[in-house]
Each structure stands twice: as structure tokens, then as C-alpha cells.
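The block underneath contains the structure these notes are about, expressed in C-alpha cells.
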Amino acid sequence: MHSLYWLTNVRLDSGFEEDEDGVVHTRSELCHLKVQNSKIADIRPASLPLDTDLPRYDAKELLALPSFVEKHNHLDKTYMGYKWKSCKPVNGLIERLDFEAKESLVLLDSVKTRAMAMLSLISAAGSTHIRTHVNIDPYVGLKNLEGVREALEAFSDKLTYEIVAFPQHGLLRTQSAALMRQAMKEGATLVGGLDPAGVDENIEHSLSHMMEIAVEANADVDIHLHDGSLLGLHTMKRLAAMTEEAGWQNRMAISHAFALGDVPMEQASEMIDRFAGLGIQIMSTVPINRAMLPIPLLHEKGVKVALGCDGFYDSWAPYGGGEVLDKANRLAERCRWIDERSLTEALTFITGGKTTLDRDGNRLWPQIGDEASLVLVEASCSAETIARRSKRTAVLFNGKLAHGSL
């Protein structure tokens with residue numbers, strides 16, 4: 001595609017209206033978008049004549065939405081690119097980790113190939129940014145990081161990325177601190193962690209080591225925290241304290257954070273207030289086998305929440321297809337968001353905070369100057385897209401076609 005062109009006949013959300021039964025609907029309008037140097041340079045109603053010599057690409061009245069952001073994934077774990085393979089049942093997390101450690105050696109030579117197969121699905125499903133965790137441990141060393149980096153670089157014309165150095169088998173349990181430090185020098189951009197109590201069995205030392213590595217590398221943190229109930233809550237309190245002590249406000253994320261769904265709402269609310277004050281984010285996969293996180297309360301109190309597919313089709317589970325839109329759909333269903341405004345706002349959790357309309361129906365996206373990264377879908381509005389998981393026909397990344405056709 002050209003660097004300067006018009007994307008014509010694009011459907012955009014334009015507002016809310018209420019019918020005689022009090023049901024709210026989304027209005028839409030057809031527009032022409034001028035794309036220049038990867039940005040949206042102009043927005044014009046399609047009802048007006050477009051007098052231009054610039055190239056035109058017809059969107060055929062498809063709905064445009066901000067492109068998706070996949071915020072929790074494991075590119076190095078997938079079986080993608082292999083023939084069908086189901087999973088081995090295990091008795092608990094440690095047994096799963098031990099099995100993965102053995103299997104990772106068998107899969108080591110195919111990391112790049114498998115990651116690229118996974119990225120193909122993720123890109124086609126509408127994502128133009130991914131945060132991926134990559135195992136750093138004594139079994140694979142930095143080989144997974146090397147393969148994932150190569151795969152991501154091969155997709156640099158389709159998406160941006162972050163790489164979390166992830167001590168999947170325990171930072172202390174496998175004495176991986178030195179490897180983690182090396183990973184931060186060889187392409188990882190965030191420091192990860194895993195269950196300081198449940199896996200490392202030492203909350204203080206595990207968190208302290210993780211924070212030391214982050215401070216040394218001047219890197220943000222994204223820690224997996226599966227430990228539930230009061231144990232998980234205590235870990236969160238210690239993590240919040242260390243975040244403040246290190247001056248790491250707005251640089252901390254907790255993936256999963258299951259304890260927030262286990263403890264009484266009063267305790268969860270107090271913890272959420274603490275997170276909001278420190279700018280601690282939550283990354284969720286909206287699981288169906290755990291208590292639901294209070295995501296509406298997190299959002300209401302100003303805690304940023306983002307969704308991701310996690311690993312899919314790997315030794316942990318045979319499910320999934322790289323569609324973060326499915327996670328937004330599941331979130332809406334679990335929260336019983338059935339009205340137009342709530343469904344529209346659900347888009348926020350898979351777009352890096354962007355949504356098309358505010359609750360009064362004023363357009364928030366797109367605006368002139370916005371990055372021209374968008375998804376064209378077969379839907380009448382964003383609410384329908386969330387509820388029906390509408391088909392994505394084309395994906396633009398910085399104004400260039402990343403998937404589909406125009």
C-alpha cells in the first residue's frame with residue numbers, strides 16, 4: 001500500500017440513540033479516512049464528494065475499530081506447526097512444570113517456527129501488538145528468547161512487541177537470577193516472576209530478587225501470580241510495598257491475580273485502591289475455572305486491565321486460536337454486560353485502552369493524528385463485534401496492510 005492514500009467507505013461508530021422501548025442502539029456513519037505516514041490525517045463524511053488524485057482503497061462499508069493488543073501470551077510454548085497433539089493430565093502445578101521442562105528440550109530447535117505459526121494467527125485475528133512471556137530457565141537457557149526474538153523480528157511489519165523474561169520454573173527454585181539478568185541484556189524488555197509462595201516458597205526473597213533485576217535493568221515488571229485467597233493477597237501487599245520502595249509506580253503489572261476474586265470484596269477493594277495509587281496494572285485471561293476477578297471494580301477505580309490469550313495449543317491446554325476478541329466476549333458475558341454502552345466499553349480491554357465512544361456517545365476513536373492501526377470487521381458497531389465476535393476482514397498496521405485484502 002502507499003504511504004499516502006484514502007481509505008474510503010469506512011463505517012465508524014458515531015453515537016448512541018434510544019428507541020421507544022428504552023433500548024440503546026449505536027449509530028454509525030460512513031467516512032473516508034486519509035492515511036499519511038502511518039497516521040490518520042483527515043476524516044471526511046462519505047456523503048461529501050471526495051476530489052483527490054491520491055490512491056483509494058475501498059473498505060466496502062466494513063466497520064473500523066482500533067487494532068487489538070494481546071497483553072499476555074507465551075509464544076515459546078505452543079505446539080503450532082506440529083501435527084495435532086493433546087495434553088498429558090497432571091496432578092498439580094509442579095508436576096506440570098516438571099513435564100514442561102522435559103518437553104522443552106524436545107521442542108528447542110523449533111521455537112522460531114512454532115512462534116511464527118502462532119503469530120500468524122494472532123496477527124490475522126486483529127492484534128498489532130503483543131506482550132509475550134518467554135521461559136528463562138536452566139533447561140533452555142536463552143534459546144527460547146533467541147527463537148522468539150527472531151520470530152517477532154520477522155513480523156515487525158505487522159506488529160510491535162514486548163518480551164517478558166519469565167522464570168517459569170521459579171526464580172529461586174531453579175536459581176535463574178543470573179540467566180534472567182543475561183536475558184535483560186539480550187532482548188527481553190520486561191522482568192517476569194512467578195508465584196513467590198507457591199513455587200519459590202519464599203515470598204520476600206523471590207520478590208526482592210525480581211525487583212533487584214528490574215531496577216538493575218531499568219525495566220518494567222509483569223509477574224504471574226496464581227496463588228489465591230489470603231496467600232495471594234499477602235503477596236500482593238508485599239509486592240505493592242516493594243513497588244513503592246523502588247519507585248516503580250506505573251511500571252508494575254500482575255498477571256492473573258486470582259486472589260482478588262477469592263477474598264471478600266472489602267479486602268479486594270482495599271487492595272485495588274492500593275493498586276490504583278501505585279499504577280499497578282492487571283493482565284487477565286478471563287479464565288472459566290477460577291473465581292471471576294472484580295474487573296468492573298478495577299476499571300471503575302482506575303486500575304488498567306488488559307486481556308490476553310495466554311498460551312494456547314501447548315502442554316498446558318489444547319484450546320485457543322489467538323483471538324483476543326474471544327477474551328473480551330467472555331469478559332462481557334461473565335460480567336453480564338448486555339447493553340450497548342457496556343459492550344462498547346468492553347473494547348477498551350483489548351485495544352490498549354481505546355474505545356470508539358464514551359458513555360455519552362461522543363466519538364473517542366478515531367481522531368485525526370491517531371495511528372492508522374485498525375481492524376475492519378463485518379459488523380454494524382463495536383458492541384456487535386464484542387457480542388458476536390465478528391469476522392475480521394483486514395488488519396492495518398501503521399497504515400499498511402498486515403492481513404486480509406482491500
Side-chain angles (χ1 to χ4, degrees), residues 24 69 71-72 93 193-199 203-204 206-207 210 221-245 248-310 324 326-353 355 358-359 383 386-387:
V24 174
V69 173
K71 270 292 193 178
H72 187 97
L93 176 61
L194 173 69
D195 294 334
V199 174
I203 294 173
E204 292 298 314
S206 183
L207 290 179
M210 181 189 72
V221 176
D222 188 341
I223 178 174
H224 282 61
L225 188 52
H226 307 92
D227 288 337
S229 198
L230 294 178
L231 178 61
L233 188 67
H234 173 71
T235 305
M236 290 178 188
K237 289 178 179 178
R238 291 302 303 134
L239 182 62
M242 291 185 187
T243 298
E244 188 169 26
E245 290 165 9
W248 240 238
Q249 290 90 336
N250 303 307
R251 304 190 66 177
M252 176 68 64
I254 302 175
S255 287
H256 306 306
F258 292 141
L260 291 178
D262 296 335
V263 299
M265 186 54 66
E266 182 180 350
Q267 290 178 301
S269 183
E270 290 176 1
M271 195 71 254
I272 291 169
D273 286 336
R274 184 89 164 108
F275 288 168
L278 293 170
I280 295 177
Q281 301 180 36
I282 299 296
M283 307 298 169
S284 177
T285 61
V286 198
I288 58 176
N289 60 345
R290 295 291 299 252
M292 181 65 188
L293 293 188
I295 289 179
L297 183 62
L298 284 157
H299 186 57
E300 176 188 325
K301 287 179 174 286
V303 175
K304 292 182 180 179
V305 179
L307 305 183
C309 293
D310 210 341
V324 73
D326 288 353
K327 297 296 182 177
N329 172 274
R330 182 188 292 176
L331 175 63
E333 188 170 6
R334 293 206 68 180
C335 293
R336 292 195 54 77
W337 292 338
I338 60 174
D339 63 284
E340 204 81 356
R341 287 187 174 89
S342 296
L343 288 167
T344 300
E345 193 170 16
L347 193 66
T348 304
F349 301 102
I350 59 169
T351 59
T355 189
D358 66 20
R359 293 193 69 82
I386 295 294

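Note that the structure is a prediction, hence the values are computed from the model and not measured.
Among Leu260, Leu331, Leu307, the one residue that satisfies the side chain to side chain contact (heavy atoms under 4.5 Å, CB included) test with Ser284 is Leu307. Applying side chain to side chain contact (heavy atoms under 4.5 Å, CB included) to Ile272 and the options Gln267, His299, Lys301 leaves one that passes, Lys301.
To the nearest 0.5 Å, atoms CZ (Arg238) and OG1 (Thr243) are separated by 10.0 Å. In this structure, CG on Asp310 lies 15.0 Å from NZ on Lys71, to the nearest 0.5 angstrom. One finds the CE atom of Met210 at 4.0 Å from the CD1 atom of Ile223 (value rounded to the nearest 0.5 Å). We find the CG-CD1 distance between Leu207 and Ile203 to be 7.0 Å, quoted to the nearest 0.5 Å. Separating the CD atom in Glu244 from the CG atom in Leu278 is a distance of 5.5 Å, to the nearest 0.5 Å.
Panel note: side chain Lys304, backbone Gln281; no donor-acceptor pair is recorded below 3.5 Å. Side chain of Thr344 to main chain of Glu340: a donor-acceptor pair is present (N/O by atom type, distance under 3.5 Å, no hydrogens or angles). Listed for the Ser342 side chain is no donor-acceptor partner under 3.5 Å among the backbone atoms of Ile338. No side-chain donor-acceptor contact under 3.5 Å links Arg334 to the backbone of Leu293.
In terms of heavy atoms, Met283 sits closest to Ala253 at CE-CB, 3.8 Å. Ala328 approaches Ile386 most closely through the heavy-atom pair CB-CD1, 3.8 Å. Nearest heavy-atom pair, Val305 versus Phe349, reported as atom, atom and distance to 0.1 Å: O-CD2, 3.3 Å.
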Given the rule in the salt bridge (charged side-chain N to carboxylate O under 4.0 Å, His left out) test, do Glu270 and Lys237 qualify, once you have shown the distances and angles that lead to the verdict? CA-CA 10 Å; Glu270 290 176 1; Lys237 289 178 179 178; 5.8 Å; no

What donor-acceptor contacts under 3.5 angstrom involve side-chain atoms of residues 224-233, with partners at least two apart or in another chain?
{"from": "His224", "atom 1": "NE2", "to": "His72", "atom 2": "NE2", "distance (Å)": "3.3"}
{"from": "His224", "atom 1": "NE2", "to": "His74", "atom 2": "NE2", "distance (Å)": "3.3"}
{"from": "His226", "atom 1": "ND1", "to": "Asp195", "atom 2": "OD2", "distance (Å)": "2.9"}
{"from": "Asp227", "atom 1": "OD2", "to": "Gly198", "atom 2": "N", "distance (Å)": "2.9"}

